[in-house]
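The structure appears right after this line, and notes come after that.
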Amino acid sequence: QVQLVESGGGLVQPGGSLRLSCAASGSIVRINAMGWYRQAAGNQRELVAVITSSDITNYANSVKGRFTISRDNAKNTVYLQMNSLKPEDTAVYYCNVVVGTWPQAYWGQGTQVTVSS
């Protein structure tokens, strides 16, 4: 019932920046939380950042101080501003949205972020 459209990935140099976007649409009354996960080649998918409906944020230790998660309630969109990118940030980034009275989780298709010189 919920569709997620991700954008903003690409190839950047170390130290560069990218801004990921994820727009949710469909049967949405309230978004409980929105977040970003990533999965590097050969690794498990890991939480990068999450923001709740009350604007509480949490970040993986590896991205604290460099990444910022935010949302636009009117557009049901979550963003991930990524600064000071490192090669180890290279991964497929997935948007995740939790909605509903009986919470349901939805995933985006993923967007590739490659940090390389």
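FYI, the numbering just counts along the sequence from 1.
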What are the two closest non-hydrogen atoms of [X] and [Y], and how far apart are they?
X      : Y     : answer
Cys95  : Val78 : SG-CG1, 3.8 Å
Val97  : Ile31 : CG1-CG2, 3.7 Å
Thr77  : Met34 : C-CE, 4.1 Å
Pro103 : Val98 : CB-CG1, 3.7 Å

Asn96 side chain to Tyr37 backbone, donor-acceptor under 3.5 Å: no

side-chain hydrogen bond (donor to acceptor under 3.5 Å, both in side chains) involving [X] - partner list, sequence neighbours excluded:
X     : result
Asn83 : Ser17, Gln81
Asp89 : Arg38, Arg66
Ser84 : none

hydrophobic_cluster_shared for Val50 and Leu4, side chain cutoff 4.5 Å: no

ILVMFWY cluster, Ile69 and Val92 together (side-chain gap under 4.5 Å): no

Co-members of Val5 in a cluster of I, L, V, M, F, W and Y side chains, linked at under 4.5 Å: none

Transitive ILVMFWY cluster of Tyr79, excluding itself - 4.5 Å side-chain cut-off: none

Partners passing side chain to side chain contact (heavy atoms under 4.5 Å, CB included) against Ser116 (at least two apart in sequence or in another chain): Leu11, Thr114

Side-chain touch Tyr93/Gln112, heavy atoms, less than 4.5 angstrom: no

Side-chain touch Tyr94/Gln39, heavy atoms, less than 4.5 angstrom: yes

Atom pair CH2/CE of Trp36 and Met82 - distance to nearest 0.5 Å: 8.0 Å

Val48 and Leu80: CA distance, side-chain angles, deciding distance, side-chain contact (heavy atoms from CB on, under 4.5 Å) verdict: CA-CA 9 Å; Val48 176; Leu80 185 68; 4.2 Å; yes

Any pair counted as side chain to side chain donor-acceptor pair (under 3.5 Å), so long as it reaches residues 51-60, sequence neighbours left out: Arg30-Ser53, Thr52-Ser54, Asp55-Arg71

All pairs passing disulfide (SG to SG under 2.5 Å) where residues 47-88 contributes a residue, at least two apart: none

Summary of ring-ring contact (aromatic ring centres under 6.0 Å, His included) pairs that have at least one residue in residues 9-35, sequence neighbours excluded: none

What pairs of donor and acceptor atoms, side-chain ones from residues 18-29 against any protein atom, are under 3.5 angstrom apart with sequence neighbours left out?
none

May I have the list of side-chain donor-acceptor pairs in residues 104-111 shorter than 3.5 Å, sequence neighbours left out?
from, atom 1, to, atom 2, distance (Å)
Tyr106, OH, Gln1, OE1, 2.7
Thr111, OG1, Gly9, N, 3.3

Residues forming a salt bridge (charged side-chain N to carboxylate O under 4.0 Å, His left out) with Arg45, sequence neighbours excluded: none

